[in-house]
Amino acid sequence: LGCFAAAVVLFLAGAVFYDQTSTSELREYESLMRTYESGPKDAAAFNDTVTKLVKMTDKSWFGYVHNNGYYIAGGMYFEHKMYDEAKGCYLKFADRSSSPVLAPLALSQAAVCAESTEKYDEALALYKKIEKSYKDSGFNDRLLYDLGRLYQKKGEKVTAKEYFNKVIS
């Protein structure tokens, strides 16, 4: 009975710790985003906000910020056409995420970032990673189209045609 009671106490303490930490991080995130949304819209404010968000996400272990922070930061960077930074955040999100929907979406966004900086081989590698790891995802037709489009852009018309045919078959 003594071991069982100790286990229950440890479980409850862990649950309280999880709840308090998660709630605290969420409040910090919401405060950060509220300040950003209501404050000046200059580059310094943006950089300060996204840097704090990434640092907050780096140190989090669970909860909303842990699960979504890198994706949100990636979107913020993307919106400001800071594609390399966005790609880094999307890749961190994909590495951390166990979601069969959000992980390939983040990898796809990272590939778009690579394309935006004309790093076509890197974009292709990311699309191929999605094709290999998430072939049954809901993004398959879009993925095949993007692969065909990218091969076409690289001048590999035969391979591009193969991917475009996969989309329509």
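Basis for what follows: all heavy atoms, side chains included, without hydrogens, waters or symmetry-related copies.
Within the 4.5 Å cutoff, the side chain of Leu143 has no heavy atoms near those of the Ser108 side chain. By the 4.5 Å heavy-atom criterion applied to side chains, Val112 and Ser116 are counted as neighbours. Residues Leu126 and Leu91 meet the side-chain proximity criterion, which asks for heavy atoms closer than 4.5 Å. Side-chain contact check for Met82 versus Asn47: some heavy-atom pair is nearer than 4.5 Å. No side-chain heavy atom of Tyr134 sits under 4.5 Å from any side-chain heavy atom of Asn140. Residues His66 and Arg96 meet the side-chain proximity criterion, which asks for heavy atoms closer than 4.5 Å. Side-chain contact between Thr35 and Thr49 is absent, with no heavy atoms from C-beta onward closer than 4.5 Å. Side-chain contact between Tyr83 and Glu115 is absent, with no heavy-atom pair separated by less than 4.5 Å.
Met56 approaches Glu25 most closely through the heavy-atom pair SD-O, 4.0 Å. The two residues Ala160 and Gly148 come nearest to each other via the heavy atoms CB-O, 3.2 Å. In plain terms, the two heavy atoms of Ala123 and Ala111 that are nearest each other are CB-O, 3.5 Å. Closest heavy-atom contact between Leu53 and Ala73: CD2-N, 3.8 Å. Across every non-hydrogen atom of Leu102 and Ser99, the tightest pair is N-OG, 2.9 Å.
Judged purely by atom type and a 3.5 angstrom limit, Ser60 has no side-chain atom pairing as donor or acceptor with the backbone of Phe62. Under the 3.5 Å distance criterion, the side-chain polar atoms of Thr51 are left unmatched by any main-chain donor or acceptor of Asp48.
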Worked check of ring pair (Phe, Tyr, Trp, His ring centres under 6.0 Å) between Tyr70 and Tyr90
CA-CA 6 Å; Tyr70 289 131; Tyr90 287 132; over 10 Å; no
Assess the residue pair Glu131 and Lys128 against the criterion (salt bridge (charged side-chain N to carboxylate O under 4.0 Å, His left out)); give the C-alpha distance rounded to whole Å, side-chain angles, the decisive distance to 0.1 Å, and a yes or no.
CA-CA 5 Å; Glu131 182 183 38; Lys128 297 293 275 180; 3.2 Å; yes
Show the numbers, then the answer: is there a side-chain contact (heavy atoms from CB on, under 4.5 Å) between Lys154 and Asp121?
CA-CA 9 Å; Lys154 289 184 61 164; Asp121 289 333; 2.4 Å; yes
Output, in order, the C-alpha distance, side-chain angles, deciding distance and verdict of ring pair (Phe, Tyr, Trp, His ring centres under 6.0 Å) for Tyr29 and Tyr64.
CA-CA 9 Å; Tyr29 164 77; Tyr64 182 83; 5.5 Å; yes
Run the numbers on Met76 and Glu85 for side-chain contact (heavy atoms from CB on, under 4.5 Å), then give the verdict.
CA-CA 10 Å; Met76 292 173 73; Glu85 293 84 351; over 6 Å; no
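Here Lys153 does not pair with Glu118 in a salt bridge; the nearest charged N to carboxylate O distance is not below 4.0 Å. Under the 4.0 Å criterion applied to side-chain N and carboxylate O atoms, Glu122 and Lys87 are assigned as salt-bridge partners. Of the charged side-chain nitrogens involved, none lies within less than 4.0 Å of a carboxylate oxygen, so that Glu30 and Arg27 do not count as a salt-bridged pair. A salt bridge does not link Asp58 to Lys55: none of the charged nitrogens lies less than 4.0 Å from a carboxylate oxygen.
Val158 pairs in a side-chain contact (heavy atoms from CB on, under 4.5 Å) with only one of the listed residues (Glu156, Glu162, Lys161), which is Glu162.
Once rounded to the nearest 0.5 Å, the distance linking CD1 of Ile72 with SG of Cys89 reads 11.0 Å. Rounding to the nearest 0.5 Å places OG1 of Thr57 at 9.0 Å from CG of Asn68. Here the straight-line distance linking atom CG of Leu147 with atom OH of Tyr145 works out to 12.0 Å at 0.5 Å rounding. In this structure, OG in Ser97 is found 7.5 Å from CG in Asn67, a value given to the nearest 0.5 Å. Within the model, atoms CD of Gln109 and OH of Tyr71 stand 4.5 Å from one another, a figure rounded to the nearest 0.5 Å.
Ring geometry, Tyr163 versus Tyr151: the interplanar angle falls under 30°, so the pair is classed parallel (tilted spans 30 to 60°).
The side chain to side chain donor-acceptor pair (under 3.5 Å) search around Lys166 returns none, not counting sequence neighbours.
Contacts classified as ring pair (Phe, Tyr, Trp, His ring centres under 6.0 Å) and involving residues 105-128 (residues at least two apart or in different chains) are not found.
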